[in-house]
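Below is one structure, written out as structure tokens; comments come after it.
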There are 2 protein chains.
Amino acid sequence: MRMATKQKNPSKSAGYHHGDLKRELVTAGRRLLEKSGVEGLSLRGVAREAGVSQAAPYHHFEDKDALLAAIAAEGFAGLSSEMAKWSAGADTAGAHMGGLGAGYIVFAFENPELFRLMHGPRFAVADRYDDLLTVAADSFNMLRDGVAACRPGASEKEIEIACQAAWSLVHGASMLIVDRRIDAGTTVDDIVTFANQITKQLPVSG
Amino acid sequence: MRMATKQKNPSKSAGYHHGDLKRELVTAGRRLLEKSGVEGLSLRGVAREAGVSQAAPYHHFEDKDALLAAIAAEGFAGLSSEMAKWSAGADTAGAHMGGLGAGYIVFAFENPELFRLMHGPRFAVADRYDDLLTVAADSFNMLRDGVAACRPGASEKEIEIACQAAWSLVHGASMLIVDRRIDAGTTVDDIVTFANQITKQLPVSG
DNA sequence: GAACCAATCTTTACGGTGTTAAGATAAGTT
DNA sequence: AACTTATCTTAACACCGTAAAGATTGGTTC
């Protein structure tokens with residue numbers, strides 16, 4: 001019994017691919033995404049980048065949209081962890097809330113094309129891609145919980161409105177930064193101070 | 001001298017087109033845009049809709065992007081007039097501000113694909129298309145003036161931040177509604193009451 | 001009027017795209 | 001070893017953005 005012949009080592013075997021191409025397509029897609037933008041991203045290009053023929057992706061994703069949905073899902077996971085990172089260790093509910101917003105905006109700043117993909121028209125009606133829906137809902141629920149913690153005695157309706165307002169504020173700022181309509185600086189520190197100034201305008205995190 | 005042979009009547013002459021095709025391309029583009037979305041909009045499709053060959057648009061627009069820029073410019077004009085409409089007749093600066101925000105969101109609600117095009121990645125770096133830049137700046141300046149009127153004694157810096165926050169809030173709400181992530185109702189009245197609730201969260205229009 | 005010019009439109013063509021259908025190869029199972 | 005199944009390739013289709021070259025038109029000048 002030889003050692004290396006089982007599929008123990010999923011690296012590039014010469015002939016047919018047979019590693020986990022699915023994963024490699026997603027990472028290649030993310031790579032090309034930040035380089036060329038959503039519009040410049042082609043399925044054939046991803047296949048090329050992965051060193052595989054043009055039709056190969058169709059054995060792992062039903063569609064180009066399905067691959068983009070997988071990339072977007074990874075994006076939402078990254079968004080959530082970025083929010084968690086910046087809100088960790090906050091001593092007040094307001095500071096925690098501010099951290100969530102800062103993380104949201106920082107993520108958009110650092111992954112502009114990915115952020116655009118995540119909120120693009122493609123998934124506006126996302127009855128397919130349920131795992132995308134759940135992971136996106138996770139990100140949203142972090143915000144919701146943060147808002148609720150800031151207003152202990154508020155009614156359900158008040159919390160909903162405050163939550164929608166907070167989400168809109170943070171999402172709009174991210175979008176405007178990504179689209180270069182607001183200049184919030186060039187470093188992550190710049191972005192964070194900008195985020196703090198912005199979110200301070202809401203009574204929630206005051 | 002015959003009457004109808006001059007280009008007095010720019011309607012469809014049978015053979016070659018010779019009306020103002022440029023205008024017709026823009027309106028045909030807007031029509032297809034709301035039907036098929038930005039991604040589903042093809043230059044060939046626009047030419048087809050205008051009843052003209054596929055290469056004809058290139059005599060009026062340098063590019064597909066140039067046509068989209070013209071459509072987007074019309075969009076910003078519409079956005080400005082919608083904001084003007086909803087803020088007209090307000091008696092206080094705060095009410096005026098609220099009207100501007102409501103108009104912004106209502107426009108997005110009523111022209112989702114156009115709104116997406118206007119803020120798409122295509123014009124993020126818009127050193128070309130200067131008329132697009134100016135008409136977009138007009139919309140922004142309406143917001144800026146509204147914010148400044150709400151805070152007479154504020155410093156330049158304070159006004160800028162309040163302005164960015166207001167813009168972010170309103171823009172984010174529009175984007176989230178267009179992307180179906182926030183359900184703000186189905187009628188324009190629904191949208192307006194939603195907009196009022198949201199903007200009331202900002203100290204500017206309190 | 002005729003001759004010319006510039007603008008506008010068409011036909012044709014090229015390379016790129018998403019996607020499907022048919023065949024080749026590898027891995028796993030009996 | 002034979003068979004099955006998953007994976008990958010090649011080839012093809014219709015569509016797209018765009019450029020080049022030719023046709024048609026309206027306007028201008030004699």
Side-chain angles (χ1 to χ4, degrees), chain A residues 1-26 28-29 32-33 36-71 117 120-122 128, chain B residues 1-26 28-29 32-33 36-71 120 122 128:
Chain A
M1 21 146 113
R2 286 132 347 151
M3 283 183 67
T5 37
K6 289 274 184 163
Q7 86 263 33
K8 205 59 196 295
N9 181 7
S11 67
K12 342 265 173 186
S13 62
Y16 274 37
H17 206 280
H18 272 181
D20 48 352
L21 177 59
K22 184 164 187 172
R23 160 118 249 96
E24 194 163 328
L25 286 172
V26 172
L32 284 185
L33 177 62
S36 322
V38 193
E39 318 249 320
L41 182 65
S42 74
L43 189 52
R44 288 167 108 112
V46 174
R48 236 165 359 236
E49 176 92 0
V52 98
S53 93
Q54 66 200 218
Y58 286 89
H59 293 270
H60 301 277
F61 298 97
E62 189 185 357
D63 226 57
K64 182 187 184 185
D65 278 13
L67 170 60
L68 294 183
I71 296 177
L117 170 67
R122 227 171 297 258
R128 324 163 63 188
Chain B
M1 20 144 122
R2 286 130 347 145
M3 282 184 68
T5 37
K6 289 275 183 160
Q7 87 264 34
K8 206 55 194 296
N9 182 6
S11 66
K12 343 266 170 185
S13 62
Y16 273 35
H17 206 281
H18 271 180
D20 48 353
L21 176 59
K22 185 165 188 172
R23 163 117 248 96
E24 194 165 330
L25 287 171
V26 172
L32 284 186
L33 177 63
S36 321
V38 192
E39 318 250 319
L41 181 65
S42 73
L43 190 53
R44 288 165 107 112
V46 174
R48 232 162 6 231
E49 176 92 0
V52 97
S53 93
Q54 65 199 219
Y58 285 90
H59 293 270
H60 301 276
F61 298 98
E62 189 184 357
D63 225 49
K64 182 188 183 184
D65 279 12
L67 171 59
L68 294 183
I71 296 176
R122 224 171 300 260
R128 325 163 62 190

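Chain letters run A, B, ... following the sequence lines, proteins first and then strands; every chain starts at 1.
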Would you kindly give the NZ-to-C1' distance between B:Lys22 and C:dA7, to the nearest whole Å? 14 Å
Inspect the surroundings of CD in B:Glu62 and state if more than 12 heavy atoms from other residues, nucleotides or ligands are less than 6.0 Å away. no
Would one find a side-chain N or O of A:Arg48 under 4.0 angstrom from OP1 or OP2 of C:dT17? yes
Are the side chains of A:Glu24 and A:Val52 in contact, using a 4.5 Å heavy-atom criterion? no
Which pair of non-hydrogen atoms, one from B:Ala47 and one from B:Leu25, has the smallest distance, and what is that distance? CA-CD2, 4.5 Å
Quick one, A:Leu117 and A:Leu41 - any side-chain contact, counting heavy atoms below 4.5 Å? no
Checking C:dT20, C:dT17, D:dC16 against the side chain of A:Ala55 (C-beta onward), the nearest is C:dT20
What is the separation between atom CG on B:Leu21 and atom P on D:dG26, rounded to the nearest whole Å? 15 Å
Using whole Å, what does the distance between atom C1' of nucleotide D:dG26 and atom CG of B:Asp20 come to? 16 Å
A:Val52 side chain: which of D:dT18, D:dT10, D:dC8 is closest? D:dC8
On DNA chain C, check which nucleotide each of A:His59 and A:Gln54 is closest to and give me the residue with the more 5' one. A:Gln54
Got a second to check how far B:Gln54's CD is from B:Arg48's CZ, nearest 0.5 Å? 9.0 Å
Quickly work out the A:Tyr58 OH to D:dA11 P distance and round it to whole Å. 18 Å
Base of C:dG16 paired with side chain of A:Arg44 (donor-acceptor, under 3.5 Å): no
A:Leu43 atom CG is separated from C:dT19 atom C1', nearest whole Å, by 9 Å
Residue B:Lys64, side-chain heavy atoms: nucleotide from D:dT9, D:dG17, C:dG18 that is nearest: D:dG17
What is the distance, rounded to the nearest whole Å, between atom CG of B:Leu32 and atom P of D:dG17? 11 Å
Atom-pair distance (CG on A:Leu67; C1' on C:dG18), nearest Å: 13 Å
Between B:His60 and C:dA7, is there a side-chain N or O to OP1/OP2 distance below 4.0 Å? no
Respond yes when some side-chain nitrogen or oxygen of B:Ser53 is under 4.0 Å from OP1 or OP2 of C:dT11, and no when none is. no
Grab the CG-C1' distance between A:Leu41 and C:dG18 for me, whole Å please. 12 Å
